[in-house]
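Small disclaimer: the values here were computed from a predicted structure and weren't measured. Chain identifiers are assigned alphabetically (A, B, ...) following the order of the sequence lines, protein sequences preceding nucleic acid strands; residue numbering begins at 1 within each chain.
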Protein chains: 2
Amino acid sequence: MLEYIILGILMYGDKSGYDLKQYIQRIMSNFFDASFGSIYPALKRMEHRGIIVSRETVEGGKFKKFYTISDSGKAEFMNWMEQPVEFSKTKPDHLIKVFFCRFLPKEKVRDHLCALKKEVEPVLHVLEHNGPEVKKQYDIYQFSTLKFGVGYYKYILNWCDDLLRALED
Amino acid sequence: MLEYIILGILMYGDKSGYDLKQYIQRIMSNFFDASFGSIYPALKRMEHRGIIVSRETVEGGKFKKFYTISDSGKAEFMNWMEQPVEFSKTKPDHLIKVFFCRFLPKEKVRDHLCALKKEVEPVLHVLEHNGPEVKKQYDIYQFSTLKFGVGYYKYILNWCDDLLRALED
DNA sequence: TGTTCCATGTAAACTGTTACATGATTAT
DNA sequence: ATAATCATGTAACAGTTTACATGGAACA
């Protein structure tokens, strides 16, 4: 996942490991985070595989290593973008690919969002179905965690609809 | 985290590794999951440390290993329950401790929920503060992931309020 | 002169999943 | 017969965090 995120950020322009960390922390922190201990080794692996290329610079006596996405890196990124949006019951992983949807035609984005909704719906229905039984057999706290899930999945569906509407104009 | 969850479930009564997996899958699946490959080694570690005790049974020719929480296990669990609710920006970890709040007096639960709100609020405000800037500099998809975060944190706060209200009666 | 920030990187530890191995029982 | 479910467990791998090590630049 981290490698695709790095590729995605590099699609917007060259960045150093430090810059990547800043970027992720600044605008992706509500759905993803990564430490230096994961970013630097990832960059090394990725350069070794040829999907990114490094360029060492010295600006004002300051050493910095910039990374550029290669053609094979772009191909790998776009291939990942074509795959369905990842959905997790316990993490907002679906936001990761949506974040980079700029690189996809609107129609494909629509397909992705509709497919995502079709993944969330049955999960919501199972929880709603369990609701009455849990309310009987379990206590208020356990039931409240279930209610959290129901509201959360509904929120994802509404968010998808909002984005789909925004894409219409 | 898994070890505390196992302790918490065993607070309700003895269970086998298989039962624990079923239980987690059935009613905690929207905020936590664990595989057998993590549950069985955890049980082994925990028994070695003396916080749980196993008992092997054969019922109808079927072998099963039940685990009981020990007094030191109960002490460790309660100590964890007294600590503030864990909050993660990217996962609904706060539900884990709330799930077991039955073992805490109402006043302590109230404190936990208020403290949780106080942790979520600044995170929400930072996101809301970044909003206008992100809307300008970034595209609709990136902005939509930020909006997801804003709505999500608001949802957590509302859910806390609902639970606090339910505790009043 | 000391502290903070910029910047890169490594090693150990932790946490967890996937896949496999085993074997009994139950349902078709 | 055979497939599915019950039940326990291990080994290999994957991904990550934390803590450490290093060193220059900016600032007070």
Side-chain angles (χ1 to χ4, degrees), chain A residues 1-7 9-10 14-26 28-29 31-49 51-68 80 86-91 93 96, chain B residues 1-7 9-10 14-26 28-29 31-49 52-68 80 86-93 96:
Chain A
M1 193 88 308
L2 173 59
E3 298 200 7
Y4 290 117
I5 289 168
I6 291 175
L7 288 178
I9 297 173
L10 294 182
D14 297 1
K15 286 218 151 40
S16 68
Y18 196 85
D19 295 339
L20 285 164
K21 165 89 175 152
Q22 302 288 304
Y23 186 94
I24 290 169
Q25 211 150 55
R26 252 197 113 271
M28 305 178 89
S29 68
F31 57 95
F32 189 79
D33 61 352
S35 61
F36 285 124
S38 64
I39 292 172
Y40 285 120
L43 288 168
K44 202 163 217 182
R45 275 199 311 273
M46 291 163 78
E47 178 160 36
H48 192 255
R49 281 185 48 218
I51 54 176
I52 60 174
V53 180
S54 74
R55 166 174 46 90
E56 294 181 9
T57 65
V58 183
E59 277 163 30
K62 229 187 248 172
F63 171 78
K64 218 169 166 178
K65 209 169 162 184
F66 282 94
Y67 290 90
T68 310
W80 172 70
E86 288 89 352
F87 170 65
S88 160
K89 289 199 277 183
T90 58
K91 285 169 292 161
D93 281 351
I96 296 172
Chain B
M1 194 88 307
L2 174 59
E3 297 199 7
Y4 290 117
I5 289 169
I6 290 175
L7 288 178
I9 298 174
L10 294 183
D14 298 1
K15 286 218 151 38
S16 68
Y18 195 85
D19 293 339
L20 285 165
K21 165 87 174 154
Q22 302 287 302
Y23 186 94
I24 291 168
Q25 210 151 56
R26 252 197 114 273
M28 306 179 90
S29 68
F31 58 94
F32 188 79
D33 61 353
S35 62
F36 285 122
S38 63
I39 291 172
Y40 285 120
L43 288 169
K44 203 162 214 182
R45 276 197 313 272
M46 293 164 76
E47 178 159 37
H48 192 254
R49 282 186 47 220
I52 59 173
V53 181
S54 73
R55 166 174 47 88
E56 294 180 10
T57 65
V58 183
E59 277 161 30
K62 230 188 248 173
F63 171 77
K64 219 169 165 176
K65 209 168 162 184
F66 281 94
Y67 290 90
T68 310
W80 173 70
E86 288 89 351
F87 169 65
S88 161
K89 289 199 277 182
T90 57
K91 284 168 292 162
D93 281 351
I96 296 172

For atom CD of A/Glu86 and atom P of D/dG15, their distance in whole Å: 13 Å
Whole-Å distance separating the CG atom of B/Asp19 from the P atom of D/dT5: 17 Å
Side-chain heavy atoms of B/Lys91 within contact of A/Thr90, under 4.5 Å: no
For A/Gln25, all residues meeting side-chain hydrogen bond (donor to acceptor under 3.5 Å, both in side chains), sequence neighbours excluded: none
Per-nucleotide protein contact string for nucleotides 10-22 of chain C (B base, S sugar-phosphate only, - none; heavy atom under 4.0 Å): B-----SBB----
Distance, rounded to the nearest Å, where B/Met46 contributes CE and D/dT8 contributes C1': 17 Å
Residues which pass side-chain hydrogen bond (donor to acceptor under 3.5 Å, both in side chains) with A/Asp14, listed by chain and number, not counting sequence neighbours: A/Arg55, A/Thr68
Below 4.0 Å: OP1/OP2 of D/dA7 and any side-chain N or O of B/Lys64: yes
Nearest-Å distance for atom pair CZ/P, residues A/Arg55 and C/dT8: 12 Å
Short side-chain N/O contact to D/dG23 OP1/OP2 from A/Lys62, under 4.0 Å: no
Distance under 6.0 Å and angle within 45° of ring axis: A/Lys64 vs A/Tyr18: no
Atom-to-atom span, CZ of A/Phe66 to P of C/dC6 - whole angstrom: 14 Å
Partner set under side-chain hydrogen bond (donor to acceptor under 3.5 Å, both in side chains) for A/Arg45, not counting sequence neighbours: A/Glu3
Where A/Asp93 and A/Ser88 come nearest, the two heavy atoms and their spacing: OD2-CB, 3.8 Å
Distance below 4.0 Å between A/Ser16 side-chain N/O and C/dA7 OP1 or OP2: no
Shortest non-hydrogen contact from B/Tyr67 toward B/Leu10: O-CD2, 3.5 Å
Among C/dT25, D/dT8, C/dT8, the one nearest A/Tyr18 by side-chain distance: C/dT8
All side-chain hydrogen bond (donor to acceptor under 3.5 Å, both in side chains) counterparts of A/Ser54, not counting sequence neighbours: A/Glu47
Minimum heavy-atom distance between B/Lys21 and B/Ser35, given as atom pair plus value: NZ-CA, 4.0 Å
Rounded distance in Å - NZ (A/Lys91) to P (D/dG15): 12 Å
Nearest-Å distance for atom pair CG/P, residues A/Leu20 and C/dA7: 12 Å
Inter-axis angle, terminal five-pair segments of the helix from C/dT1-D/dA28 to C/dT28-D/dA1 [nearest 10°]: 30°
